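To find a chain, count down the sequence lines: A is the first, B the second, and so on, and within it residues start at 1. All values reported here derive from a predicted model rather than from experimental measurement.
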2 protein chains.
Amino acid sequence: MTTKDKIVNAAEALFAEHGFEQTSLRQITSEAGVNLASVNYHFGSKKALIQAVMARYLSRFMPALARQLQSLENYQQVTSRAVFDCFRQPLMALTDVSRQGPANFLRLLGFAYSEIQGHLRKYTMTEFGTVIEQLLQWLHRANPQLSDAELFWRLHFILGATVFAQVSSQALIEIAAADFDEQVDPEHIIDKLIPFIAGGLDSSAAG
Amino acid sequence: MTTKDKIVNAAEALFAEHGFEQTSLRQITSEAGVNLASVNYHFGSKKALIQAVMARYLSRFMPALARQLQSLENYQQVTSRAVFDCFRQPLMALTDVSRQGPANFLRLLGFAYSEIQGHLRKYTMTEFGTVIEQLLQWLHRANPQLSDAELFWRLHFILGATVFAQVSSQALIEIAAADFDEQVDPEHIIDKLIPFIAGGLDSSAAG
DNA sequence: GTCTATAGTATGATAGAC
DNA sequence: GTCTATCATACTATAGAC
């Protein structure tokens, strides 16, 4: 394994655990067993390292999600849950990158939104905007009773629930283990999340 | 206004905007127009200041929420939506603390969970554990088909959607106005949110 | 490519004069 | 209570020897 790989792997694990800003290059190089200066040699800056870590996942996940959404064409009727189920396979396939791939990716995505990493959000959106639009179209087809505006609002509520769930996952898992004697893997939070967001999306509008 | 008050007010605004760790004591004292050393004189440490900021809201919000939940006893049948309506008045009453009180409180709550501020979560839970339990009980009564663990998870998904909605409210309102010609007041986002979270909560579990 | 050494900057906290 | 000055400690980034 090259030094560059060692750095990306260590950075991913630490970013996913503590967030981007809270992880120092010293922690990363120490964990990777490489010299501190090597990060700037191989990546140029911490910011570039962050993008490299995200790119490794986004470049796999987004095309896979696009393919899943495409396959919805085969069905006559599309439900919200079917749309969100499209996230499962692309997410689980991230175990190719690392054993903790799915969990790490979701946590990283959460931090990318919650920390004021404007460059990350811009990167994600410009790079994969078409997939996002595709997703919106399917949700509209699954919920023709909702106006575009209503769908817009609910999508952002969903985004919030998802991001928050991932960023807080460790704390929540610990509480669930302590209070309910329930062992939950980070990547299985999505199993709990999907019924929730599908139900919220399909709910009848305010009365 | 005393120096102590100036510090708490400035800290609240900055914490709500950038998070706890990302806000320095120098930013706070500069914004408050007081000396740097005064934070440690009045509060002892940054950690203690964080708790003071949170305490000001929690000590108002939690008892008010408890009273609202208590009033549910008058009803024979309780729905999820009725339970969540209990949040409206206690939240809006936080304008007594500051004009941005409701929004700030929700943002601070989000940061308190997402940053690894173990001491904050512990503080919240030990101080107001009974209200949380009360809330869970009512939600359980409204949704007897869901297990305690399932309720716990969904409650936190709801917290995420709510926090995110408040955090992004200004941007979302502007987009809604531009794209959908829809005028929404910040305090009416909750009208859009409640059907969503009630629908998510009542959704049947994963299958 | 890899290292040491260090520049340059920011942080939380504190001692001590007033 | 409030101030200045400063300590001790982190951080990112880089220059320069090997």
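- Using the six-membered ring where Trp is involved, A:Phe196 and B:Phe196 have ring planes that are perpendicular, over 60° apart on the 30 and 60° scheme.
- Atom pair B:Leu25:CG and D:dT9:P shows a separation of 18 Å (rounding to whole Å applied).
- Distance CZ (B:Arg26) to P (C:dT11): 6 Å, rounded to an integer number of Å.
- Using a 4.0 Å heavy-atom criterion, one finds that B:Ser24 contacts the sugar-phosphate atoms exclusively.
- The interatomic distance linking B:Lys4 (NZ) with D:dG1 (P) rounds to 9 Å, in whole Å.
- Residue B:Thr3 has its side chain nearest to D:dT2 when only C:dT2, D:dT2, C:dA13 are considered.
- Aromatic ring centroids of A:Phe15 and A:Phe111 lie 6.0 Å or more apart.
- Of the candidates D:dA13, C:dG12, D:dC3, the closest approach to any side-chain atom of A:Lys46 belongs to D:dA13.
- In this structure, A:Glu12 pairs ionically with A:Arg56, as a charged nitrogen and a carboxylate oxygen lie closer than 4.0 Å.
- Along DNA chain D, the nucleotide closest to B:Gly33 and the one closest to A:Ser45 are compared, and the more 5′ of them pairs with B:Gly33.
- A:Thr23 comes within 4.0 angstrom of sugar-phosphate atoms only, judged by non-hydrogen atoms across all strands, and of no base.
- In this pair, B:Phe128 and B:Tyr123 present their aromatic rings perpendicular. The plane angle is above 60°, beyond the 30 to 60° band.
- Heavy atoms of A:Thr29 sit nowhere under 4.0 angstrom from any nucleic acid atom.
- Taking atom CG of B:Asn35 as the reference point, atom P of C:dG16 lies 17 Å away to the nearest angstrom.
- C:dC3 atom C1' lies 14 Å from atom CG of A:Asn40, rounded to whole Å.
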